[in-house]
Structure formats: structure tokens, C-alpha cells
Asks: 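What follows is a single structure, and I will ask about it in a moment.
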Amino acid sequence: MNKKALLGDFVLKVFTILFYIMFLMIVLIILKLPGCTNDKDVTDIIRSGSDETLQLKVEQQLITYLRTPMPDDLLERIERMRQMDEDGEFTDMQSGEPALKWNGIVDTIVFRLKDGKKLIEQHPEIYKGQTYAGFIAALERHFRSEPEKANAAFDLATRAVFAQKYEERITRKTSKEVYASPIIIVKYDGFNPESPEPIKTEAKPGDLRSIGDSYDAVSLAAMKYAVTLIPTEDNPAMVQLNAPALIQNVRLPRA
Amino acid sequence: MKNTKKGAVDLFIFLVGVFGIIMLIVILFAIFTSYDDLKRADPKPLGYKAVEILSTYEEADESLLYLDASTRQAIENALYRFGQNGLQPTTGSECGSASFYQKWSGGTVEKTTTGGMSQCIVTNTECTPKDFEKSYIAYVSEELNKRISGYKGILPKADGYDLIQSPKDGATEVKGIAKTPITIKKANYDTAVKTELSYEIKPSFRESTDIDAASHFSYTTSNGAALNKKDEIAIKKEIENLNSENPKLEWSLNGFIKECKNMCNTGESCTTNCHFEKDEPKCNDDDFAEEGEFCPRHEVCDTGTVEESYCSYTAYIQVRIKDDRYKLPGEANGYRKTPYGNIEYWFALNWMDESPIKSECVV
């Protein structure tokens, strides 16, 4: 074999190998190209799986809330929270403003501490010996005659019973306990009991609402809803728990 | 020879290259086809089967929550109505009612005829409530049905449960077990042939309220019946004793009415309104005839029947359950409240004197 032929043979082999490598690279690049792969599908599959689980969790959470026995010392709990609010111990984690807004206005719903507390004081039967579902059912009569008072009582009781420590944020200088109370809405009528639809969180007359400490546009965007029915004297009432993905909480300085 | 070998080697390399390219194209084709299949198949999320099974439990739990809440409310509402209805069955007392108090005893007077002789007989009937469990469960069943009928889910109606009132110290407990199970079905598309994921559960409940209704029932009925046929002063005294004996229940006499307008006509004939009438119409007003003779008279009577008057007595009694947990600001005592009203037992005792206070002849 002459020298030229040997060189040609060598070049052909090198080119063939390079061609294979190049082809493999093209294949790999194609596989990584967005739209050509199922990465998104796989992510979606995993995400929707966890969404379903989260949905179940919210539904189970609502049932647990509704089965919770109402404490006999509800008024004392409310009083404790009022005192802490007055002392400025509750703070919004984002704005730094007072967070519970007992006497303030959240959207168009007016929560009046005095009215709500008075109703609870004068009607111990609405909470003593009742579960949270029983409390909601017992409030119906008062809701029909004094909706604002009933709303205030519902909000106070919901916060006092379910506000709980969510996490503890410790920095080098401070330690903050983060509390949250849930967003629960009750609709006594005006819905189809066969397929109750989730209702919007925006303030609307005709419902009982406790919008908790996590009511903002961001958290509403990623909201999970759980809806269930509870019996009342006349018709079933719809109870909805809204679970925001992002919780904006209140904090308590460590005592 | 050497050239032939070299040509074969080159051809082999060329063929391997061609086959390699074809294989890679086939692999790519297969991958993309399977991607498309994956996209077209609308794949179920990871763990969807487990989630679906859990969601059937959750759906059942939702129904059971509704059932439990209904029973809890039904127990209290039934107790409230039971008390207002004088611890009598849902149909009311056989002795009737006085105002809104159900009677535990009733007195009536009626004419009876035996051997052609008529007389008025007084009957004092006892209607003291007897069967606590049977009566109370009937109220619970009504209240439970009212609530469950509004639920569009899969729960059986109240008559679909075996309801039992079980004794519990210091409380009233009702247990219920559904006669037939409920089934929650979900379509399962995992298999080639559509099947159903089926979850079967027999709804049951055990709910209670902290009111010892069974004890109250036996205590109230036995002591209430003992007040029958006593005068007002004796009843008040007895109530005082009861209140000091059992401070958990507060008895009060809300009224005592004696009424003697109960008439009974025996049917026996009698005469009344007897008076003398002049025989001669010519007699003047001074009872003398024209010729100065005394004007004769004769007695004229109306014929009627004997009517007897009897006195009846009604005592209106209320028994309240003391419970300081429900004491309102400014109140001396607290009473057991429910969202439907206070739990109180209302009843009336009514009886009649055996003998008439007067008999008169009525036309």
C-alpha cells in the first residue's frame, strides 16, 4: 500500500468516527430542545399528582375543622387576643402594620369586636358543647336577624379557635412566632346543594366570612378550595375553606 | 488480493455507517412517536390511583361528618321539643292539652245510663308519660330525617338506621347503625375495560349531649304525677321540697286554675220555674173575681232535666334544668340552653271533683 492510500484510509476512518459523534450530538441536542421532549409533561404529571394530594389535604383539613369541639373558654380566648391586639403584638409579616384589624375594615366587611363578643356572651348555647359545625349551624338564626353581628362573632370565634403557630423564624437578633388563622366562608343558602360551587373570597354580603391573616392577591392566585355541606335547621349550609399557597401571617414577639 | 481486502473493509465501514444512521433515525422516530403517544394519552398524575382511593374515603368522611352533625343537632332539637311537649310522644298526650301544656292527667264528666237510670260519672285519667326511649327516639328520628332529607348525597334517610338510646351517666347518647351500606363508586380507566373503584361503608354514629334526659324523665314523671289532685298550697309546698331535694332541676307552678263551669246533664226529668196562675181570666189584679170571691189559682211548672256542675282543677308546671355554664351576665341562675331554646319540661295536671257542687233543673 502506498503512503497516499494509507493516509486516505486513515482520513476516511477519522471522518466516519467524527460523523458518528456529530450525529449523536445532534440527537442529544434534539432531545434537549424545548417542545421536542416530554419534560414539561413529566413535570406536569408530578405537579398535578401533588396538586391532587394537596386538594385532599385541604378537604380533610376542612372536615377536621368542622369536627373540632368549640372551647368553653371561647370568650377568654377572644379577650386574650383582643388584649394582644391592643398591645400591638400582632404584626403583618409583610407590611409591618397591625395585622388582625379587629376594629378595622378588611375590604367591605366590617368586623366589630364589640358586637361579635356581645352576641357570643349573650348566647353561650351557640358554642358551649358544640363542634365548629354546630356553632355555624347555631349562628344561622342570628345571621337571619343580625347578619353583621353574626359575621363578627363568626370571625372572632374562628380566629380564636383556629389561629395557631405556623412556624418560628429565628434570626441572629430576633425570634418570631408566626401564627395563621384560616380563610373560612359559610353560605347558608343561595347555592345548589347537589353540586356546591366554590365561592369567591372577595367580600360579598350574604355569607359569613373569616378571611384570616392570609388574604392578599398573591395568595388568592394559588388558592385551593375545599367545599362541604353541614346541616342546619332549615337547609344544608355550605362551608368553604380556602387554602392559599402562600401564607402571609402574623407574628408574635416572644414573651 | 490486498486491494480486494481493502475494498471489503471500506464497504464494511460504509455499510456500518449507513445502518448506524438508519438505526438512529429509527430510534429517534420511536422516541418522538412515544412522546406523541404520551401527550395524546392525557396521562394520569403520579399516584393518581392512591389519590383516587383516598378521595373515596374523603367523600365518605364528608357524608359521615354531615350525618354526625345532623345527629348532634337532632339529639338537642329533639330534647327541646320533647320537653316542650311535656315528655309525651310526638302525637301528644292522650289527655289533650291545656294552652300549650300537655296534660299528664285529665278529668272529664260524662252521662252514663245503666238500667234506664242516668247519672253523671267523673273520670280522672292518668296520662303520665311512660316510655322514655320510644318517645324520645321518635323525636330524634323526625329531626334527623328533616336534616338528612336536605342532603343530596348518599346517606340513608332516618328510617334507614337502627336508632338506640343507650344509657350513659349524666348524658343522653344516641347510637345509630345504617341498615344498608352506602357505596361510593369511581370510574377506573386504568384497565382496558372500564371498571369501577367501589368503596362500601356502613354509616354509623354515636352522639351525645350532656343532659341526662332519661333520669330527668323518670324523676319528673314520678314526682309530677304525685302532685295530681293536690290543692294549690300543697303543690307549692311539694315543689319547694323538690327544689331543695334536687338543686339541678327547678320546679315552678306557673298557674293553678279552678273552674266550676263543667256541666253534666243527667237526663233525669225535673220541674223548675214553678209559679201559680189564676184559674179565671176574669180575676182582677187583686186576685178577686168580679163577684168578690177569691180567685182560685193553680201551680204551673216548667219541665226540664237535672244538670250538675263539677269543679275542675288545672295546675301548670314547668321544670327547668339549672346549669351555671349558661348563666348570662346579670342573671342569678343559669339554665340549660340549646340553639333551639331552653330545655324545659312543661306539663299540666288536670282533675275533677268526684261529686257535683250543685244540681239544677234546666229547661
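Protein chains get the first letters and strands the later ones, always in sequence-line order, with residue 1 at the start of each. The shown structure was predicted, so the numbers you read here are calculated from the model rather than taken from an experiment.
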Asks: Would you mind checking which part of S55(B) comes under 4.5 Å of any heavy atom in chain A, side chain (CB onward), backbone (N, CA, C, O), both or neither?
Replies: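 Both backbone and side chain.
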
Asks: Using side-chain heavy atoms (C-beta onward) and a distance below 4.5 Å, is Q130(A) in contact with E76(B)?
Replies: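 Result yes, sub-4.5 Å side-chain heavy-atom pair found.
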
Asks: Measure across I63(A) and L65(B) and return the closest heavy-atom pair with its distance rounded to 0.1 Å.
Replies: O-CD1, 4.2 Å

Asks: For chain A, find which of R72(B), K327(B), E58(B), R147(B) contributes the most heavy-atom pairs closer than 4.5 angstrom.
Replies: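 Result: the option with the highest number of such pairs is E58(B).
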
Asks: Please check this pair: side chain of Q73(B) against backbone of P231(A), looking for a donor-acceptor N/O pair closer than 3.5 Å.
Replies: yes

Asks: Counting heavy atoms not belonging to D169(B), are there more than 12 under 6.0 Å from its CG?
Replies: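 Atom CG in D169(B) is not crowded, with 12 or fewer foreign heavy atoms closer than 6.0 Å.
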
Asks: Take atom NZ of K146(B) as the centre, draw a 6.0 Å sphere, and report whether it contains more than 12 heavy atoms from other residues, nucleotides or ligands.
Replies: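 Yes, enclosed.
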
Asks: For chain B, which candidate among K13(A), Q60(A), E140(A), H142(A) shows the most heavy-atom pairs at distances under 4.5 Å?
Replies: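 Highest number of pairs under 4.5 Å: Q60(A).
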
Asks: CD/E125(A) to OH/Y340(B) distance, rounded to the nearest 0.5 angstrom?
Replies: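 One gets 10.5 Å once the value is rounded to the nearest 0.5 Å.
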
Asks: Heavy-atom distance under 4.5 Å to chain A: side chain of I148(B), backbone, both or neither?
Replies: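 Contact with chain A involves no heavy atom of I148(B) at all.
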
Asks: Only pairs of heavy atoms separated by less than 4.5 Å count here; which of T209(B), D68(B), D210(B), N342(B) has the most with chain A?
Replies: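 Looking at each option in turn, the highest pair count goes to D68(B).
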
Asks: Taking every heavy-atom pair that is under 4.5 Å apart, which of E233(A), H123(A), Q122(A) has the most such pairs with chain B?
Replies: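 Top option by heavy-atom pairs under 4.5 Å: E233(A).
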
Asks: Please flag which part of L54(B) lies under 4.5 Å from any non-hydrogen atom of chain A: side chain, backbone, both or neither.
Replies: both

Asks: Enter the distance from Y151(B):OH to L229(A):CG here, rounded to the nearest 0.5 Å.
Replies: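 Spacing of OH (Y151(B)) from CG (L229(A)) equals 6.0 Å.
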
Asks: When rounded to the nearest 0.5 angstrom, what distance separates CG in D72(A) from CZ in R325(B)?
Replies: 6.0 Å

Asks: Can R67(A) and D61(B) be counted as an ion pair, charged N to O under 4.0 angstrom?
Replies: yes

Asks: Take atom CD1 in I177(B); do more than 12 heavy atoms of anything else shown fall under 6.0 Å from it?
Replies: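 No, not enclosed.
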
Asks: Drop me the distance from E52(B)'s CD to L56(A)'s CG, to the nearest 0.5 angstrom.
Replies: 10.5 Å

Asks: Side chain, backbone, both or neither: which part of V227(A) has an atom under 4.5 Å from a heavy atom of chain B?
Replies: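 Backbone only.
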
